[in-house]
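Below is one structure, written out as structure tokens; the observations come after it.
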Amino acid sequence: MVLTEDKTGEVARALLESIRETPVLELTEEAKGIIEKHYGKHSFMLNHRLFGKFEQSLPYSHSIKDRATVYMLVNGIKSGEINKETKFIVEATSGNTGIALAKAAQPIGLPVVVLISRELNKGVVKELENAGAQIVVLNTEICPVPGADGEVSAAQANSALREIKKALAKAGVAIEKNTKAEENELIKALEENNAIEAAKLIAKIYGGFCPRQYENPANYLAHVATTAPEVERTLKEIGANPRLTTLFFTAGTLGTVLGFAQYYGSKSDNSNMPNIEIVFPKEGQDVPGIRTLKSVEGLPFYKALIQTPIAKQVRFSEIDYYKEGKLVYVNTGAGIGHSASLAFAAAIEKIIENEAIAKMLKENKVKEAIQKYGNSRVEMVQAALSSSEPLVYFVIMPDGKEKYIAEKDKNETKEVSIEEARLLVKEGYSLAWVSQRNLDEKTKRAIAERLGIEKGNIDEIGDEAMEVLSAYYGEEATYADALEKLIGRLSRSGGKAILLCPLGKTSKQVADLINMKSKKNLQVFSLLGGSEGLLAKKE
């Protein structure tokens, strides 16, 4: 350990200061676009506003896990758990916490060892390697669970122990010879497939620090101190009525939700707190970083959550990730990851349900609405109808999708500025709109004027682009056919195009896939910042 006592305060302060407030974007039009394209045309009776808080702007893992990681490290330093005798840091992780630890712990001078699932996405594994973590692969679920199903044999457990020792050796940790008796306890945890307990035992036996993210109060206190106050300020700024607002979370450790529950529960008057909804994938769906409802029941933070004063205002819902979640994952231009897509999908489901409730109320079917959706939901929609205030859906977006794309699927597509795009247009480049939302005439005309192009030279290829993105996460043959169809269309229109979407994320991803696979003479770029950046820029 290189951190000396006189430097502990300085390092702790720098870590805390690295956690800055993350941006919030309104995604109402994105949500309505998905609803109209995939659930049918809607004439909305209610005023809906959907917002996303984008945690990928945080500095270490580019995810919400940076908050808890920093607070657990700082708590470890201040409590003395991390001291001059500490040799390493170890944790069981589905990715983001491990990445954050490996990067945030560098000023402390301690190597990081992570226990991960064999099923973990290759892009995430690559991020862990790039961050400098020593990796031990176990035969567990992606998101570690206490006492996971499927015990392993004694031989497999002993093999895992050898891999742990190899990782420690690579990290420069000397193994004492008198650890045999203690290692039997570790072997038992490995036989039980309990990566969480194994990480704690590794720290205990070999002289390391385990953050214990699944039980460490510093995890949820990070959100009491940072995330919850940020969200409360934002809701006030946008004029949201707390009684008509729902916050959407997914569950990893449950630290984020518990932090919000503690924050609002500590207030003398919590009657005006927003509704909280925790979103889970269907049972049996192993989604990176997300737990199923059944698997959270054994977590310490779950037990603490149901005992908070506001537990009655916390709702649980299950979403079919492979249907609704992936629909959002491939169709939103916001570049959000798996867990954010699941929460976003739940918010979309609530918009559709609230519209159904409003329709039932207009038809005087109050009892039927209460029976189907519950009294509190019906009261909320009634209040929105009578006041004309918006129903606000606020989604915590834990991370982006970049790390989940395998390295072989990445490509350095050039993102061009507005000025570069104008020059390319003069050289004969066309514009191709790749969003699922069709361009209205007013927006198309404004884009054409800004870039100096004829309106008729803006080609709308959103359907083909969405088909490619949807197929990319499915069957290889279907994906190849869809991509060839899109490449053929671009080739027929001259083979030189600037792809454009609302935020610049989807266009970049589509351009990457085209440039990676196409053997034809295509020249494809993506407009940096998308149409919103283009039209917001003052001339």
Side-chain angles (χ1 to χ4, degrees), residues 27-28 30-40 42 48 50-55 63-64 94 96 119 121 141-143 145 245-254 256-257 260 274-297 299 302 305 313-332 334-357 372-374 376-377 380-381 391-401 404 436 466 469-470 473-474:
L27 300 170
T28 306
E30 295 262 4
K32 287 183 176 179
I34 291 172
I35 290 170
E36 293 194 355
K37 186 172 180 66
H38 297 280
Y39 298 95
H42 273 67
H48 305 279
L50 191 150
F51 296 86
K53 185 170 177 63
F54 287 79
E55 296 292 279
S63 83
I64 199 168
S94 59
N96 283 326
E119 301 299 321
N121 180 282
E141 293 182 10
I142 292 176
C143 204
V145 232
T245 300
T246 304
L247 308 180
F248 292 85
F249 303 84
T250 49
T253 64
L254 282 177
T256 307
V257 185
F260 273 75
N275 300 290
I276 289 178
E277 181 141 344
I278 310 175
V279 187
F280 301 91
K282 295 283 188 183
E283 195 62 40
Q285 295 182 349
D286 200 7
V287 184
I290 317 174
R291 294 184 178 281
T292 61
L293 180 55
K294 182 181 177 181
S295 72
V296 300
E297 293 174 358
L299 295 178
Y302 175 80
L305 178 66
Q313 289 169 262
V314 178
R315 297 193 293 261
F316 303 98
S317 65
E318 290 183 303
I319 293 289
D320 186 336
Y321 178 76
Y322 298 132
K323 186 179 178 183
E324 285 89 358
K326 276 199 171 181
L327 185 67
V328 171
Y329 187 69
V330 301
N331 283 308
T332 177
I336 59 177
H338 299 284
S339 52
S341 298
L342 193 77
F344 196 156
I348 286 174
E349 182 181 81
K350 290 299 177 290
I351 290 174
I352 295 170
E353 288 179 357
N354 288 337
E355 283 292 324
I357 293 170
K372 187 169 183 178
Y373 297 104
S376 62
R377 283 283 299 283
M380 184 170 69
V381 173
L391 288 167
V392 174
Y393 311 80
F394 196 100
V395 182
I396 305 298
M397 306 285 197
D399 68 354
K401 68 171 66 169
Y404 300 104
Q436 63 172 347
M466 292 307 112
L469 289 176
S470 298
Y473 301 99

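Numbers for residues simply follow the sequence, beginning at 1.
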Scanning both residues in full, the closest heavy-atom pair of Val296 with Ala251 reads CG1-CB, 4.2 Å
Point-to-point distance, once rounded to the nearest 0.5 Å, from CG of Leu27 to OH of Tyr393: 14.0 Å
Do Pro398 and Ser63 come within less than 4.5 Å of each other through their side chains, counting heavy atoms only? no
Taken in chain and number order and not counting sequence neighbours, the residues that satisfy ring pair (Phe, Tyr, Trp, His ring centres under 6.0 Å) with Phe394 are none
Identify, with sequence neighbours excluded, every residue that meets salt bridge (Lys or Arg N to Asp or Glu O under 4.0 Å) alongside Lys53. Glu230
When rounded to the nearest 0.5 angstrom, what distance separates CZ in Phe280 from OG1 in Thr292? 8.0 Å
Quick check for you: to the nearest 0.5 Å, what is the distance between Ile336 atom CD1 and Glu55 atom CD? 13.0 Å
Could you tell me which residues satisfy side-chain hydrogen bond (donor to acceptor under 3.5 Å, both in side chains) with Gln313, sequence neighbours excluded, listed by chain and number? none
Does a side-chain heavy-atom distance below 4.5 Å link Leu305 with Val257? yes
Thr245: side-chain hydrogen bond (donor to acceptor under 3.5 Å, both in side chains) partners, not counting sequence neighbours: none
When every non-hydrogen atom of His48 is compared with those of Asn354, the smallest separation belongs to CE1-CB, 4.3 Å
Tell me which donor-acceptor pairs under 3.5 Å the side chains of residues 346-353 have, and how far apart each pair is, sequence neighbours excluded?
from: Lys350; atom 1: NZ; to: Glu277; atom 2: OE2; distance (Å): 2.9
from: Glu353; atom 1: OE1; to: Arg377; atom 2: NH1; distance (Å): 3.1
from: Glu353; atom 1: OE1; to: Arg377; atom 2: NH2; distance (Å): 3.1

Contact between Leu299 and Thr253 at the side-chain level, heavy atoms closer than 4.5 Å - yes or no? no
Can you list everything that forms a ring pair (Phe, Tyr, Trp, His ring centres under 6.0 Å) with Phe249? Sequence neighbours excluded, please. Phe260
Does Lys323 have any side-chain contact (heavy atoms from CB on, under 4.5 Å) partners at least two apart in sequence or in another chain, and if so, which? Asp320
Side-chain contact, heavy-atom cut-off 4.5 Å: Asp399 with Asn96? yes
Quick check: does any side chain N or O of Ser295 sit under 3.5 Å from a backbone N or O of Arg291, one acting as donor and the other as acceptor? no
Point-to-point distance, once rounded to the nearest 0.5 Å, from CZ of Phe54 to CD1 of Ile396: 11.0 Å
Nearest heavy-atom contact between Met397 and Ala340 is SD-CB, 3.4 Å
Could you check whether any side-chain heavy atom of Phe51 comes within less than 4.5 Å of a side-chain heavy atom of Val392, counting everything from C-beta outward? yes
With the side chain counted from C-beta on, respond yes when Ile278 and Ser317 share a heavy-atom pair under 4.5 Å apart, and no when they do not. no
Is there side-chain contact between Asn275 and Arg315, with at least one heavy-atom pair below 4.5 Å? yes
Residues in side-chain contact (heavy atoms from CB on, under 4.5 Å) contact with Thr28, at least two apart in sequence or another chain: Glu26, Lys32, Arg49, Leu50
Identify, with sequence neighbours excluded, every residue that meets ring pair (Phe, Tyr, Trp, His ring centres under 6.0 Å) alongside Phe248. none
Hey, what do you get for CG (Leu391) to CD1 (Ile357), rounding to the nearest 0.5 Å? 9.0 Å
